Amino acid sequence: MDRDNIKIFGSSNELAIGFAEIFCNKINSLLTEKKTINIALSGGNTPIELFKILAANYKDKIKWNSINFYWVDERCVPVESVESNFGNADKYLFSKISIDDSNLHRIKGEDNPLSEAAKYSRIVTANVTAKNSIPCFDIILLGIGDDGHTASIFPNQMGLLTSEKIYDVSFHPVTMQRRITMTGKTINNAENIYFLVSGESKSKIISDILKESEDARNYPAYYVNPKYGELFWVMDKEAGILV
């Protein structure tokens, strides 16, 4: 792993502030080459902190209507639920900036999971430029769970890493909650992938992955390795303590 692609901030707040600038610069750089770009967002506490910073400080620094937003994964809950990834992004970011609803392509977590995964796959395939017949996102934001999962691909569902589908259905191994998730082949076809990670509970997982230890092979996040693009790790000091 290229050390230039690893960035460690002093705290989770500094991570959100620092990555907001990185994110803005990357978007503006891409928009010098393209009229519109496609970004896939993830859920979790770290993105929420990022959304708050973007809403407060970047309303006028990003051409929001030049971005189409999609989601890496979604819990099968109504959009009003506090667990909804789209709901949180809308609450903390999109409702506070000027962006057309047509730029926001949410996964409908309230609908039948299998039908919605297939429908969302068709939407993404129709709207996101393909590379080697697979949709190629300009930017994907990912997190990591305490069990090494990423997107909603859990350690007991490794088949989703190699699924031929664009999006598929998964479930949380403890709560059994259904999820709709981007598959590994779609993730690894992106141009730029950023892992945003905070907290000491993730430190061993990150260390194992970056050092390519034997344990790392048990973590879905280990298999994120873009074929043509770049992978970046952005974390706070606690998450990166073993790096």
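Computed from a predicted model, the values in this text were never measured in an experiment. Residues: numbered from 1 along the sequence shown. Just so you know, these numbers use all the heavy atoms, side chains as well, and skip hydrogens, waters and symmetry mates.
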*Begin from the C-alpha positions of T129 and C136 and carry the test side chain to side chain contact (heavy atoms under 4.5 Å, CB included) through to its verdict.*
CA-CA 6 Å; T129 302; C136 177; 5.8 Å; no

Nearest-0.5 Å distance that lies between atom [atom1] in [X] and atom [atom2] in [Y]:
X: I166; Y: I123; atom1: CD1; atom2: CD1; value: 13.0 Å
X: F94; Y: L54; atom1: CZ; atom2: CG; value: 9.0 Å
X: I107; Y: N85; atom1: CD1; atom2: CG; value: 8.0 Å
X: I139; Y: F69; atom1: CD1; atom2: CZ; value: 8.5 Å
X: I180; Y: L114; atom1: CD1; atom2: CG; value: 8.5 Å
X: Y223; Y: T162; atom1: OH; atom2: OG1; value: 10.5 Å

Could you tell me if the side chain of [Y] sits less than 4.5 Å from the side chain of [X], heavy atoms only?
X: T46; Y: V197; result: no
X: I206; Y: F195; result: no
X: F232; Y: I22; result: no
X: N192; Y: I140; result: no
X: V234; Y: F23; result: no
X: E49; Y: L15; result: no
X: I39; Y: I27; result: yes
X: N189; Y: Y228; result: yes

Under a 3.5 Å distance rule, please check whether [X] uses its side chain to pair with a backbone N or O of [Y] as donor and acceptor.
X: S95; Y: K91; value: yes
X: T181; Y: D168; value: no
X: S29; Y: N25; value: no
X: D138; Y: N38; value: yes
X: E74; Y: G109; value: no
X: K185; Y: E164; value: yes
X: K202; Y: I144; value: yes
X: T150; Y: P220; value: no
X: N65; Y: D100; value: yes
X: S170; Y: I153; value: no

Could you tell me whether [X] atom [atom1] has more than 12 heavy atoms of other residues or ligands within 6.0 Å of it?
X: N45; atom1: CG; value: no
X: E21; atom1: CD; value: no
X: K52; atom1: NZ; value: yes

Is it possible for you to say whether [X] and [Y] belong to one hydrophobic cluster, with membership spreading through side-chain heavy-atom contacts below 4.5 Å?
X: F171; Y: L160; result: no
X: I134; Y: I37; result: no
X: L31; Y: F137; result: yes
X: W233; Y: Y194; result: yes
X: V79; Y: V77; result: no

*Please identify each residue that fulfils side chain to side chain contact (heavy atoms under 4.5 Å, CB included) with N88, with sequence neighbours left out.*
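In terms of side chain to side chain contact (heavy atoms under 4.5 Å, CB included), with neighbours along the sequence ignored, N88 is linked to I48, Y92.
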
What's the shortest heavy-atom distance between [X] and [Y], and which atoms?
X: E200; Y: S203; result: O-OG, 2.7 Å
X: N188; Y: N225; result: OD1-N, 2.6 Å
X: A151; Y: I187; result: CB-CD1, 4.1 Å
X: I6; Y: M235; result: CG2-CE, 4.0 Å
X: S42; Y: F51; result: O-CZ, 4.4 Å
X: W64; Y: S98; result: CB-O, 3.7 Å

*F86 and W71 aromatic ring geometry - parallel, tilted or perpendicular at 30°/60° bounds*: perpendicular

*Could you check whether the rings of H105 and Y70 sit parallel, tilted or perpendicular, using 30° and 60° as the cut-offs?*
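Taking Y70 first and then H105, their aromatic rings lie parallel (interplane angle under 30°).
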
*Would you check, one step at a time, whether the test side chain to side chain contact (heavy atoms under 4.5 Å, CB included) holds for Y120 with R106?*
CA-CA 9 Å; Y120 201 69; R106 78 175 181 93; 5.9 Å; no

_Side-chain ion pair, K237 and E14, N-O less than 4.0 Å_ = no

*Look at D111 together with K119 and state whether they make a salt bridge at an N to O cut-off of under 4.0 Å.*
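No, no charged N to carboxylate O under 4.0 Å.
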
*Worked check of side chain to side chain contact (heavy atoms under 4.5 Å, CB included) between M182 and V124*: CA-CA 10 Å; M182 187 183 289; V124 168; over 6 Å; no

*Should D236 and I8 be marked as a side chain to side chain contact (heavy atoms under 4.5 Å, CB included) after you check the CA-CA gap, both sets of side-chain angles, and the distance that decides it?*
CA-CA 5 Å; D236 67 3; I8 301 175; over 6 Å; no

Using distance alone, with no hydrogens and no angle criterion, decide if [X] and [Y] have a side-chain donor and acceptor under 3.5 Å apart.
X: D208; Y: S213; value: yes
X: T183; Y: T186; value: yes
X: S201; Y: D146; value: yes

